[in-house]
Amino acid sequence: MVSVIKAPRGTRDLLPGEIEKWHYVEKVARNVSEIYGYQEIRTPIFEHTELFQRGIGDTTDVVQKEMYTFEDRGDRSITLRPEGTAGVVRAYLENHLNNKPQPVKVYYLGPMFRYDRPQAGRMRQFHQLGIEAFGSHDPALDTEVISYTYDFLQRLGLLDLRVLVNSVGCPECRALYSKALKDFMKMFQDALCENCRDRLDRNPLRILDCKEQSCQELLDGAPGIHAYLCKGCREHLQQVLGYLELTAIPFEVAEHLVRGLDYYTQTVFEILPAGNDQDSLAGGGRYSNLVEICGGPAIPGMGVALGLERVLLALESQGVELPLEKRESIYIATAGEDPSGNLHREAVRLLLELRRCDYPAEKDLLGRSLKSQMKQAGRIGASYVIILGTDELERGTVLLRNMKKGEQFEISRERLLEYLKAIVQTREAGMWKASEN
RNA sequence: GUGGGUGUAGCUCAGCAGGCUAGAGCAUCAGGUUGUGGCCCUGAGGGUCGUGGGUUCAAGUCCCAUCACCCACCCCA
């Protein structure tokens, strides 16, 4: 026997039973996006490698060691998207969306790929919900994006969220601060962890993020970025915070928050589940130069990405019960000897009829006994079973069994659909949904 | 990429310090009612003990490697 091929490392299947949660989360995502005025955009899952190198930044870990890059048959270097923003920016420019009324506000939902070492909440193929808004410098936009993110998480039922906000300044003032921080840290070089000594030259701001106790202690005495922000950046931050106050979203100004992607300017933020400093649920910020870096005009953008696996994990660890709709259907069972096949043919005809009337309906496909058919009907959550037996066939009737009540009665074929219709109409909003009855 | 832990039926696990045909519960299928589910009873199928080497008279049980998963680090969603 040949061996069974397994899914590649860091990937997994979403099976019936779990996928319903994803559908629900996606439904809320689309809902909130609409409420905030964002429209869906779908961009390719792979792009030219150069897009990410330029967009995300060559020095970032994502680009340096986490990309799924390969040559296609035309010798092009292709990369499976590790995040969503770069592709959206590309699409914005390529489709001349800058000629549309601004701001252009889009959301995306889909898989991303990073060659990481998998662990809980970190997959090689993972899924993000993200939004991007182009063409506005308004601090209220920054707040809107933060609010969107918070709102989405809250609507799902997540509590105890930490919202961290900071500004990393513009290229000008960040450069000043970066130098100041570097100069300061140089004095204590020996006390820094190995990693941070590397960061000193590559990207001093990252030291702020270090979780090493020793580095954190040094940081207490180090200059903070806020003192170095230029007038524009300082005011921008103040206004963002001011608007945030209005939203009543609890937030913390985290002067040490810097993000891993190079394109961020000014506002950056992160949302974490309580009691978990490691796996942030969402991260985002403003990017004033990314569009230019990608070859377009100087148009600012602001966005966020949420990790859906992590959102699902947080929901689980907080014990949130999602209001999933139960699957419900009508099951057609046949009973009795059927040497001529008439019974079976009639069942198939009835099945078709029900489905054409939009009733979710199923029948046995395994030639099972009536008992087994009943069992199956119960398992799949059928609310009604139509039992079609040889006797009923002769009389032109069926037995209609209410599975929840365990009651059944005989009804003529002609009146059956009428009767079912009446049941549906009795139900709330006329929807074919699980409820009492 | 670094360090650590784990790996026995579809699922959750048991298997004592290596020793006979590897077990349980749940799930699946069938039967108990030749036309009726959710409870109960009976039975059946299903495992080359992650994979490959090695030690031993003998390995699920010890050793090595490898793969996968989990945890921590790095980083990020």
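Every heavy atom of this structure was used, including side-chain atoms; hydrogens, water molecules and symmetry mates were not. Just so we're on the same page: letters track the sequence lines, and every chain starts at 1.
- Taking the six-membered ring for Trp and the full ring otherwise, A:F152 and A:Y107 have centroids separated by 6.0 Å or more.
- At B:C29, one or more side-chain N or O atoms of A:R368 fall inside 4.0 Å of OP1 or OP2 (strictly under the cut-off).
- Salt bridge annotation for A:R355-A:E353: absent, with no cationic side-chain nitrogen under 4.0 angstrom from a carboxylate oxygen.
- Using a 4.0 Å cut-off between a side-chain N of Lys or Arg and a carboxylate O of Asp or Glu, A:R90 and A:E47 qualify as a salt bridge.
- The existence of a salt bridge linking A:E20 and A:K27 is excluded, since no basic side-chain nitrogen approaches an acidic carboxylate oxygen closer than 4.0 Å.
- Applying the side-chain contact (heavy atoms from CB on, under 4.5 Å) test to A:Q64 and every residue at least two apart in sequence or in another chain returns A:R202.
- For the OP1/OP2 pair of B:C69 and a distance below 4.0 Å, the side-chain nitrogens and oxygens of A:R9 include at least one atom meeting the criterion.
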Here RNA chain B, pairs taken as Watson-Crick or G-U under 3.5 Å and shown with ( ), [ ] when crossing and | when to another strand, reads (((((((..((((.....[...)))).(((((.......))))).....(((((..]....))))))))))))....
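- A salt bridge does not link A:E309 to A:R12: none of the charged side-chain nitrogens sits closer than 4.0 Å to a carboxylate oxygen.
- At a cut-off of 3.5 angstrom, the base of B:A77 holds at least one donor-acceptor pair with the side chain of A:R114.
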Tabulated below should be each protein N or O lying under 3.5 Å from an N or O of nucleotides 33-38 of chain B; please produce it.
{"unit_1": "B:G35", "atom_1": "O6", "unit_2": "A:D391", "atom_2": "N", "d": "3.1"}
{"unit_1": "B:G35", "atom_1": "O6", "unit_2": "A:D391", "atom_2": "OD1", "d": "3.2"}
{"unit_1": "B:G35", "atom_1": "O6", "unit_2": "A:D391", "atom_2": "OD2", "d": "2.7"}
{"unit_1": "B:G35", "atom_1": "N1", "unit_2": "A:E392", "atom_2": "OE1", "d": "2.8"}
{"unit_1": "B:G35", "atom_1": "N1", "unit_2": "A:E392", "atom_2": "OE2", "d": "3.2"}
{"unit_1": "B:G35", "atom_1": "N2", "unit_2": "A:E392", "atom_2": "OE2", "d": "3.0"}
{"unit_1": "B:U36", "atom_1": "O2", "unit_2": "A:Q408", "atom_2": "OE1", "d": "3.3"}
{"unit_1": "B:U36", "atom_1": "N3", "unit_2": "A:Q408", "atom_2": "OE1", "d": "2.9"}
{"unit_1": "B:U36", "atom_1": "N3", "unit_2": "A:Q408", "atom_2": "NE2", "d": "2.9"}
{"unit_1": "B:U36", "atom_1": "O4", "unit_2": "A:Q408", "atom_2": "NE2", "d": "2.5"}
{"unit_1": "B:G37", "atom_1": "N7", "unit_2": "A:R401", "atom_2": "NH2", "d": "2.9"}
{"unit_1": "B:G37", "atom_1": "O6", "unit_2": "A:R401", "atom_2": "NH2", "d": "3.2"}
{"unit_1": "B:G37", "atom_1": "O6", "unit_2": "A:M403", "atom_2": "O", "d": "3.0"}
{"unit_1": "B:G37", "atom_1": "N1", "unit_2": "A:M403", "atom_2": "O", "d": "2.5"}
{"unit_1": "B:G38", "atom_1": "N2", "unit_2": "A:M403", "atom_2": "O", "d": "3.3"}

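- Between A:Q119 and B:C69 there is no side-chain N or O to OP1 or OP2 distance below 4.0 Å.
- Contact check, A:S372 against B:A30: a side-chain N or O comes under 4.0 Å of OP1 or OP2.
- Between A:R395 and A:E410 there is a salt bridge, with a side-chain nitrogen of the basic residue lying less than 4.0 Å from a carboxylate oxygen of the acidic one.
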